[in-house]
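Since the structure comes first, as structure tokens, the remarks are kept for the end.
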Amino acid sequence: MLSVFCNPASHHQVPIKNIERELICPICKELFTHPLILPCQHSVCHKCVRELLMLNHEDSFDAGSECSLPGSPRSRVPSPSMERLDRLVRSGGSRASGWRGSVTPRVTTIPCPGCQHDIDLGERGISMLFRNFTLESIVERYRQAARAAIAIMCNICKPPQQQEATKSCMDCKASYCNECFKLHHPWGTPKAQHEYVGPTTNFRPKVLMCPEHEMEKVNMYCEVCRRPVCHLCKLGGSHANHKVTSMSSAYKILKEKLAKSIHYLISKEDQVRTQITDLEQLISQTEENGQLAERQANEHFERLFETLQERKSEMLRSIEQSRNRRLDHLKAQVEEYQGMLENSGLVGYAQEVLKETDQSCFVQTAKQLHTRIQKATESLRTFHPSADPCFDEFVLDTSREETLLKEMCFGGVPDPPLIDLSNSKVYNEASICWRLSDDHLPTDHHVLEYRRWDGEDSGVWRATERVHGPSTVVCDVDPNSLYAFRVRSCRNSMFSPYSPEVTFHTPPAPAFGFLFSDKCGFSTERLILNKRRDTVENVAGMAFLLAADRVQTGSYIGLDYIIGDTGISQGRHYWAFKVEPYSYMVKVGVASDSKLIEWFHNPRDTSSPRYDHDSGHDSGSEDTCYELSQPFTLLTLGMGRLFIPKASSSSSVSSANATAANDPGNRVLPMPQRLGVCLDYDAGRVYFYDADTMRCLYERQVDCSGTMYPAFGLMGSGKVQLEEFITAKRLTF
């Protein structure tokens, strides 16, 4: 009986029962049947993928709902529903038209049951997925080991002389006994070269074919998508710009990694067993503590129930006493009024008294009776019930108690929040955002703490007021300083642990708010400005194309400039923006009003390469130095790089920058995600920063003889977006 698998990496025999959990489909919870590999590398049965698609859209037809099955060239079987639809469409007529009209757009996105990510199968649907032949073979070996008593019979022999198979031919896709195999694979014939294995019912293709290009074999491995591809996929398909490697290299690398990982796990077997023992102890402790928590919860609720039951009994008793007392009073009043009726009660008695003829006896009785008659008459004139039938004093308002009960939280200490670095920004104010875990329970409030960070000598933590949302603004921060922030949540007077500390560096000057100007020199032919005027994009339009007629060797198309709508005439100011990495060339910096007039009033589509009106020198060479104290300074960015100008021998550039800028290797830097500019108007100096780390990339002298404006120049495709805080400040103003 075959009861073990042989692991070639470790030469250890693994009992088949130990790997069964790896062979179970996460959807149907059964052994995999024709498993498909999703883009996220998880495997799912073919039928389960189709069921997921049908659940997402019951009326959709999967045009690519074909799957690999043994015996087909591409190892796929077409969907019956798709074949029926194809026949109807090809046949034409009203029936086909009706089918076309009733078919709704297909849904090709399914959630992966393993990682819960949405998987887009694309236009080709299931046909774009590879079959996991390795997993399928392991499942088949597992099945054979599980049913070892059931032998695989020869497909050639006929009963009752049918023999048990000893070999299976992967080319013929059939199983043979020894005699039949020799008969159908004689020596000296092409069939003798067929590949044969032990008896099996799982016949997979010898060569894996590309699902996108049906006639091509996969011979490369895409390292981006982590899947095999063919040469057509790399030449002009969806993997044209992806990094690929040869299949043999990928096979060798992945096999070595897998073997090393398996060897590492086996070498840590003692550690794993120790950790399993620890986990089992934790399971036992969890069960005990869970049972204890249940008992305690039952006790607490029982006490609540007892208290409520006592109060309920007391209130019902009071209501019953009040009801009996009122009924007695009302019944007595009814009897009294019944006595006022003729021939009954008081009136009947008075009528009998009137029959008395003895004067002394009559007077003796009539005096008291007359008093009673007068009281009855007065009661009749001013009728009032002796008791109120309303029980409003016993109506309870339990809304506050119900709210308290609903708000009872049993989650204990809340989970710590995490500060969101992508949405938090720090300028002369710090806007800090955080997020909670996906499965968090409601919290009462949050508290943000911050302190100035000066290495070992750090300040005292300062806390904000209670924050009931996921963000807050801290106003009292100093410029050009490093601050640390942390936040924690509170629920039912219980605080969570602090979030991990994060640090932000404040800018060297107050934030300068402005928007792009659509008035001064703005080119509507090649620049696109959004409605908020905080984003500008350069597009090569018709004028750019027509200018090509005048372009000769050594000439080029000019820059398109745009400036801020607010100028600077004193003080220190800082602003930040983002340049898209795909931008061909963008120049950013500052320029004086006089220089802007020169640029905007002397437009040129083409010009000599010996004079660049935006570089400050009369040479087309990028290595030529800036002249001293120009009325503008522009830094060049493009193609994901930032270019530091070559330093001048004058003192206009700091010595540190001069050393770095004269080194050609240090003059080209990666483009920062956000770039900051600081202009010190009074000192006549401009600084360029990496806005994320506040590291100064470049500084130089600038002639601030007039009003200075933020300036931007774009050539070719490019896009610049101002920081949201900068634009929000300007829009608020």
Side-chain angles (χ1 to χ4, degrees), residues 399-455 457-513 532 534 574-576 578 673-674 676 691-694 721-733:
S399 58
R400 185 173 65 90
E401 288 76 9
E402 291 176 1
T403 302
L404 291 175
L405 288 174
K406 290 178 181 179
E407 291 180 352
M408 286 179 65
C409 183
F410 311 104
V413 180
D415 295 330
L418 292 177
I419 295 180
D420 190 350
L421 296 177
S422 59
N423 292 322
S424 299
K425 298 289 185 291
V426 175
Y427 293 95
N428 21 340
E429 296 178 347
S431 175
I432 306 300
C433 305
W434 55 86
R435 63 180 184 272
L436 303 175
S437 59
D438 295 336
D439 56 349
H440 77 281
L441 296 172
T443 56
D444 297 335
H445 62 272
H446 310 277
V447 176
L448 177 70
E449 297 184 1
Y450 62 99
R451 65 178 177 180
R452 187 167 177 173
W453 181 265
D454 296 325
D457 185 17
S458 301
V460 179
W461 287 102
R462 290 180 286 177
T464 62
E465 298 292 334
R466 292 182 175 183
V467 181
H468 298 281
S471 64
T472 189
V473 175
V474 178
C475 300
D476 53 342
V477 293
D478 300 326
N480 200 23
S481 301
L482 189 64
Y483 279 88
F485 296 87
R486 65 184 185 184
V487 64
R488 60 176 176 170
S489 303
C490 178
R491 180 173 61 236
N492 294 339
S493 301
M494 298 182 67
F495 282 93
S496 71
Y498 284 104
S499 67
E501 294 182 22
V502 298
T503 56
F504 290 96
H505 201 296
T506 57
F512 178 61
R532 285 171 52 92
D534 62 351
Y574 174 87
W575 60 94
K578 178 181 179 181
Q673 292 187 354
R674 299 185 303 126
D692 290 326
T693 61
M694 293 310 300
Q721 181 176 359
L722 298 178
E723 244 343 278
E724 184 176 358
F725 183 87
I726 303 297
T727 59
K729 181 179 178 181
R730 177 58 177 165
L731 290 172
T732 303
F733 173 78

How many angstroms lie between CZ in R674 and CD in Q721, if you round to the nearest 0.5 Å? 11.5 Å
Interatomic distance, R451 atom CZ to T503 atom OG1 [nearest 0.5 angstrom]: 11.5 Å
In short, D444 meets H468 closest at the heavy-atom pair O-ND1, 3.1 Å
Nearest-0.5 Å distance, CD of residue E429 to OG1 of residue T506: 12.5 Å
Heavy-atom closest pair, residues V487 and H446: CG2-CB, 4.3 Å
Flag side-chain contact, heavy atom, 4.5 Å: W575 against L722: no
In Å and rounded to the nearest 0.5 Å, what is the OG to CG distance from S471 to L448? 10.0 Å
Show every salt bridge (Lys or Arg N to Asp or Glu O under 4.0 Å) that has at least one partner inside residues 464-478, sequence neighbours left out. R452-D478, R462-D476
Is there a side-chain contact between Y450 and I432 (heavy atoms, below 4.5 Å)? no
List the residues meeting side-chain contact (heavy atoms from CB on, under 4.5 Å) with P497, not counting sequence neighbours, and say none if there are none. V413, P416
When you look at CD of E501, are more than 12 heavy atoms from neighbouring residues, nucleotides or ligands closer to it than 6.0 Å? yes
Non-hydrogen side-chain atoms of S424 and F504 separated by less than 4.5 Å: yes
Mind checking the CZ-OG spacing from R435 to S422? Nearest 0.5 Å is all I need. 7.0 Å
Heavy-atom side-chain proximity of T443 to C490 below 4.5 angstrom: no
Do the side chains of E449 and T464 get nearer than 4.5 Å, heavy atoms only? no
Treating S496 as the side-chain partner and S489 as the backbone partner, does any N or O pair qualify as donor plus acceptor under 3.5 Å? yes
Of all heavy-atom pairs between Y574 and Y427, which one has the smallest distance, and what is that distance? CE2-CE2, 3.9 Å
Between the main-chain N or O of P479 and the side-chain N or O of S481, is there a donor-acceptor pair closer than 3.5 Å? yes
Tell me the closest heavy-atom pair linking W434 and P417, and the distance in Å. CD1-CB, 4.0 Å
Heavy-atom side-chain contact between V426 and Y483 under 4.5 Å: no
